[in-house]
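Note on naming: letters A, B, ... go to the chains in the order of the sequence lines (proteins, then strands), and numbering restarts at 1 for each one.
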There are 2 protein chains.
Amino acid sequence: MQELQSKTYPIGTFAKKIGLSASTIRYYEREGLLKSHRDHAGRRYFTNSDIDWVKFLLHLKGTGMRIQELKQYVQWRAQGDATIPDRLALLKETQDNFRQRFREVQHHLEILNDKIAWYEAKERGNVNNQEPFQDYLNRLGHSE
Amino acid sequence: MQELQSKTYPIGTFAKKIGLSASTIRYYEREGLLKSHRDHAGRRYFTNSDIDWVKFLLHLKGTGMRIQELKQYVQWRAQGDATIPDRLALLKETQDNFRQRFREVQHHLEILNDKIAWYEAKERGNVNNQEPFQDYLNRLGHSE
DNA sequence: GTACAACTTAAAGTGGACTTTAAGTCAACA
DNA sequence: TGTTGACTTAAAGTCCACTTTAAGTTGTAC
């Protein structure tokens, strides 16, 4: 247990554990998204809580936050609890943007699904499938 | 009715109608995603069915297809019904990729939501909120 | 007839997120 | 002791999807 907590990893191992390249880790560090520890020879090493931290960053990144926004978030975090409202505002904005894009891509997917269904009908040689895709969409109420 | 069908638009008007810039339209044309008609002076003009076409392309693009894939799709389309299986395969691959990423971003969102809730609890000054975020996630069963 | 806006082209530039390169350091192993 | 292999740095390069620039043409409005 103690051992697990205190385990450390060189950059290559760390990178593999989180599914990024060592170069990307260095890039993230340059951008201020994370900090590394250094051994006596100047080589980076990382801990299990660094893994948690990067995974969390990747979740935020996955909801659409850009590197600069993550950087801002990290800076606020370093400034202590006084910046919690700022951080919260940033995360909520991200959440809103995400929900907006979510609705949009759902509609894109609907059209993609419809097109696939339309092709499949056409491929099965449905005699009446001379119907143009736009008409088909209209019929489904999926146009626009 | 006849009028609506035969209405044409210069590139600026067309661009506005579909929410792209005129430059982007020209870029898409260069990339082979669409064709324009030309007037006697060599200027592009577009029809209502061009609008439908670009909107459809944007739906595909919105599900994650890249310009080169859209180009491939357009080329197959120009080759006639013999390429329907190819087109269908491309669209289904897009659909699969989309579903995969969809699941991923849903998880990213879940973590974002949890983090927001955690900050809100902290902000409300919940006395017991010295709980680290990781522990909070574990408690919710949302870790990883 | 001249000003103006909207168009035309080819080519260069941009932004974001990495990725690669070049040159070097270091520690462990045969 | 010498050769790997993993690391170090700063800087340049890449990819994608546009966007901007520069120089020129055209149709309409005054």
Touch class at under 4.0 angstrom, heavy-atom based, for Arg38(A) against every strand present: sugar-phosphate
Arg26(B) CZ - dA22(D) P separation (whole Å): 16 Å
Output field: ring centroids Tyr45(B)/Tyr9(B) closer than 6.0 Å: no
Side-chain H-bond candidate by donor/acceptor type, Tyr119(A) with Arg87(B), under 3.5 Å: yes
Euclidean distance, atom NZ of residue Lys71(B) to atom C1' of dA17(D) [Å, nearest integer]: 14 Å
Between Asn97(B) and Thr94(B), a side-chain donor and acceptor under 3.5 Å: no
Trp53(B) and Tyr73(B) aromatic ring geometry - parallel, tilted or perpendicular at 30°/60° bounds: parallel
Atom-pair distance (CD on Gln68(A); C1' on dA17(C)), nearest Å: 11 Å
Ring-ring centroid check His59(A) His107(B), cutoff 6.0 Å: yes
Sugar-phosphate, base or nothing in reach of Arg44(A), heavy atoms under 4.0 Å: sugar-phosphate
Sugar-phosphate, base or nothing in reach of Arg66(B), heavy atoms under 4.0 Å: sugar-phosphate
Spacing of Tyr27(A) atom OH relative to dT21(C) atom C1', expressed in whole Å: 18 Å
Nucleotide dC26(C), atom C1' - distance to OH of Tyr45(A) in whole Å: 17 Å
Position toward the 5' end of DNA chain C (nearest nucleotide), Ile11(B) or Ala41(A): Ile11(B)
Interatomic distance, Glu29(B) CD vs dC7(C) P [rounded to whole Å]: 14 Å
Presence of Thr24(A) side-chain N/O under 4.0 Å of dT19(C) phosphate oxygens OP1/OP2: yes
Whole-Å gap separating P (dG16(C)) and CD (Glu31(A)): 11 Å
Residue met sooner reading DNA chain D from 5', once Lys61(B) and Arg43(B) are mapped to nucleotides: Lys61(B)
Spacing of Ile25(A) atom CD1 relative to dT8(D) atom C1', expressed in whole Å: 16 Å
Any His40(A) side-chain N or O less than 4.0 Å from OP1/OP2 of dC26(C): no
Residue closer to the 5' end of DNA chain D, Ser23(B) versus Ile67(B) (nearest nucleotide): Ile67(B)
Sugar-phosphate, base or nothing in reach of Tyr28(A), heavy atoms under 4.0 Å: sugar-phosphate
